[in-house]
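Taking it in order: structure first as structure tokens, then the write-up.
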Amino acid sequence: MPVTTTAQQLRLYNTRTRSADVFKPINDPTVLMYVCGPTVYDEAHLGHARCYITWDVLFRFLKHLGYDVKYVRNITDVDDKILNRAAENGEAPSALAGRFTRRFHEVMAQLNVAEPTLETKATEYIGPMLEMVAILVEKGSAYVAADQTVYFHTPSFNAYGQLKGQNLDDLEAGARVEVDPNKKSPLDFALWKPVDLSGGTLVKGEQYWDPADYGCRQFVPGRPGWHIECSAMSRTELGDQIDLHCGGLDLIFPHHDNEIAQSEACTGVHPFSQVWMHNGFVNVSGEKMSKSLGNFSTIAELLTVYDANTIRYFILTNKYRSPVDFNEAALDSAQNWVKKRHGLIHTMYEADNDAQAFGTMAAFAQRATAFWRDKNFSALFDQADQTLEVLYDELKGRFDEKMSNDLNTPEALADLNELFHGFTKENDPQYKKLCFSAFLYFSSVLGFDFVTPPVGAGGNLEAHQAALEALLGEVSPGDHVAGQGGGSADSLLQAIIAVRAEARASKNWAVSDQIRDGLGAIGIQLKDQKDGPTTWDWA
RNA sequence: GGCGACAUGGCCAAGUGGUAAGGCAGGAGACUGCAAAUCUCUUAUCCCCAGUUCGAAUCUGGGUGUCGCCUCCA
């Protein structure tokens, strides 16, 4: 059983049942989780960020609860969009897909999105896909059309359209799709698309695959249809039945309904996934963000202005199913929230002798994890006592309760604010330590990184070496000779701060202000503290 | 045409039957040589109308408005 200290049960909204169901893994404590990954034909945008941050939080929270999570996320590296883009660029599809796969990895890492247990690439599962297609044809759920396309016959699956919540008649009534004469039914979808080899420029293994190579001689060379990859990868790596299948709202229909149809028709196991979860979209100033409207921001662009914590906070202040409106005011608000806490945490930690006994903040964070996740009291305290026990249960229970309510991250963030205040405003050392460690640990469950010191818009201090030397030369020409001694930028800054402290002590306001303004000019903001040394931060 | 979501203070956003979390911004004060940072205090009756109820932001009906899916999209 998962290590839980509370009686709360995790409830997750299930699109399949349209209610927030109590989550119970099929093979407790193992959780099998599959997330539909990106089609790698372009840069990842804010919508991707929301999607993968959302499921990252679910992944982290499940682990926090003590579950053993097997999390598979795919890379769709075979798709018409990839072929088209590659043709436009005049490059090989595999090269294009490879490039954007690497970009995706880079950007996810920068966003502090944890790697899944396993990442699967569609092109590496052609065999399992063909195997499923063959089974579906054999069972009468799919057929080979006159043009050799293999279609799934939707009327053969009587529960078709269950996620969408509409029956076949309604779907057809509102059909805006042109009827393909090859299809037996308008809603039938392709499992395997034949390739026209007459041109002679297509590359095997990139634009098409020969089923004969996989022992499927009944199909012609071609490429997989849109939906079969997820079914095949999920089945191969996680088995016929899984606990969680997640993705964007737009995937509900037809993608996920098609996955259900083909998987369940193939394996005979129902339900294919116990729980289907979908994250809401990102809008831009009230409008849908889409490539056709050209109003999307890539994650890489955003990261030049806002840090990963800011983007995450912006996303998590909304419940994951609600639409999120992207606008600069909201991002700026998020940035202020992050900055205030990130900076103050480090300032206070450095000034706290008690905390310093644990070494670096990273070391402290490790102890915090041992304490909060594993309930190891000795990680942070001499011994457990009743007060600590009560507070542990109370603080952890509160966080777990909020998150167990279908991942109510806005309320979990409100908890974080309270813990932050407990650290910065309360006086009792034990309570402060409790709150600070809880803040670090619970924020990490939400995927924040407050342990790494903040890096502001000013970038590396080294970049301002010359300016610092010049300033030091101006305000203290006697003791510190510019350009000598190989002083690091940091020691230069410390020397300047020391000079200012002397100037202030002797009421030499001119020099003091000169230093403050001079540093301000290169983006360094000084923070004078009432009872402590002057610290600095990027403005 | 079919299906669905949402409407809470200046902005963002929880709450879903017992009289409105949190954040950001703003205002006042403390601190400061002056600032900044920090700290303290501080701002709403929940789109409109009708109904159910002892009691509704929270349920029901109607209205208005915004948005999404049904076509590639996270």
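Here is the naming used below: chain letters follow the sequence lines, and residue numbers restart at 1 for every chain.
- Within 4.0 Å of A:Lys81, counting heavy atoms only, lie sugar-phosphate atoms of the nucleic acid but no base atom.
- Here A:Trp337 lies in heavy-atom contact (under 4.0 Å) with sugar-phosphate atoms only.
- At a threshold of 4.0 angstrom between heavy atoms, the contacts of A:Arg321 with the nucleic acid are absent.
- Contacts of A:Gly248 with the nucleic acid, taken as non-hydrogen atoms under 4.0 Å apart, involve only primed sugar atoms and P, OP1 or OP2.
- Comparing B:rG23, B:rA21, B:rA37 against the side chain of A:Ala414 picks out B:rA21 as the nearest.
- Separating the NE2 atom of A:His421 from the C1' atom of B:rA21 is a distance of 13 Å, rounded to the nearest angstrom.
- To the nearest angstrom, C1' of B:rG15 lies 13 Å from CD of A:Glu401.
- Protein atom CZ of A:Arg18 is 12 Å distant from nucleotide atom P of B:rC3, rounded to whole Å.
- One P atom belongs to B:rG22, the other to B:rC41, and the distance between them is 12 Å to the nearest Å.
- When only modelled atom types and interatomic distance are considered, A:Asp537 and A:His346 share no side-chain donor-acceptor pair under 3.5 Å.
- When the C1' atom of B:rG4 is taken as reference, atom NE2 of A:His278 falls 14 Å away, rounded to whole Å.
- Residues meeting the salt bridge (charged side-chain N to carboxylate O under 4.0 Å, His left out) test with A:Lys402, sequence neighbours left out: A:Asp415.
- Residue A:Asp528 is in base contact, counting any heavy-atom pair closer than 4.0 Å across all strands shown.
- Nucleotides B:rC11 and B:rG17 are separated by 27 Å at their P atoms, to the nearest Å.
- Separating the P atom of B:rC59 from that of B:rG18 is a span of 12 Å, rounded to the nearest Å.
- To the nearest whole angstrom, the two P atoms, one in B:rU16 and one in B:rU60, are 15 Å apart.
- Counting any heavy atom pair closer than 4.0 Å across all strands shown, A:Ile252 reaches no nucleic acid atom.
- Across all strands shown, A:Ser512 has heavy atoms under 4.0 Å from base atoms, whether or not it also approaches the sugar-phosphate.
- In this structure, A:Phe281 atom CZ and B:rC70 atom C1' are separated by 13 Å, rounded to whole Å.
- At whole-Å resolution of the value, CG in A:Asn283 and C1' in B:rC73 are 13 Å apart.
- In this structure, A:Asp332 reaches neither bases nor backbone, as no heavy-atom distance under 4.0 Å exists between it and the strands shown.
- Residues A:Ser506 and A:Asn508 bring no donor and acceptor atom of their side chains to less than 3.5 Å of each other.
- Between A:Ile315 atom CD1 and B:rG23 atom C1' the separation is 16 Å, expressed in whole Å.
- Phosphate contact (OP1/OP2 of B:rA13, side-chain N/O of A:Asn318, threshold under 4.0 Å): present.
- The separation of B:rA21 from B:rC70, taken at their C1' atoms, amounts to 37 Å, rounded to a whole angstrom.
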Can you give each donor-acceptor pair under 3.5 Å made by side-chain atoms of residues 511-523 of chain A, sequence neighbours left out, with the distance rounded to 0.1 Å?
from, atom 1, to, atom 2, distance (Å)
A:Ser512, OG, A:Arg500, NE, 3.4
A:Gln514, NE2, A:Glu474, OE1, 3.0

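- Using a 4.0 Å heavy-atom cutoff across all strands shown, A:Arg73 reaches no nucleic acid atom at all.
- Rounded to a whole Å, the CD atom of A:Gln514 is 17 Å from the C1' atom of B:rG33.
- Base-pair partner of B:rU38: B:rA30 (Watson-Crick or G-U wobble, both distances under 3.5 Å).
- Of the P atoms belonging to B:rA35 and B:rA44, the separation is 30 Å, rounded to the nearest Å.
- Among B:rA14, B:rG33, B:rA37, the nucleotide with an atom closest to any side-chain atom of A:Lys319 is B:rA14.
- Nucleotides B:rU45 and B:rU32 are separated by 41 Å at their C1' atoms, to the nearest Å.
- At least one donor-acceptor pair closer than 3.5 Å links the side chain of A:His342 to the backbone N or O of A:Thr452.
- Look at the C1' atom in both B:rG15 and B:rC54: the space between them is 23 Å, to the nearest Å.
- Note: A:Phe253 and A:Tyr160 have perpendicular aromatic rings, judged against thresholds of 30 and 60 degrees for the angle between ring planes.
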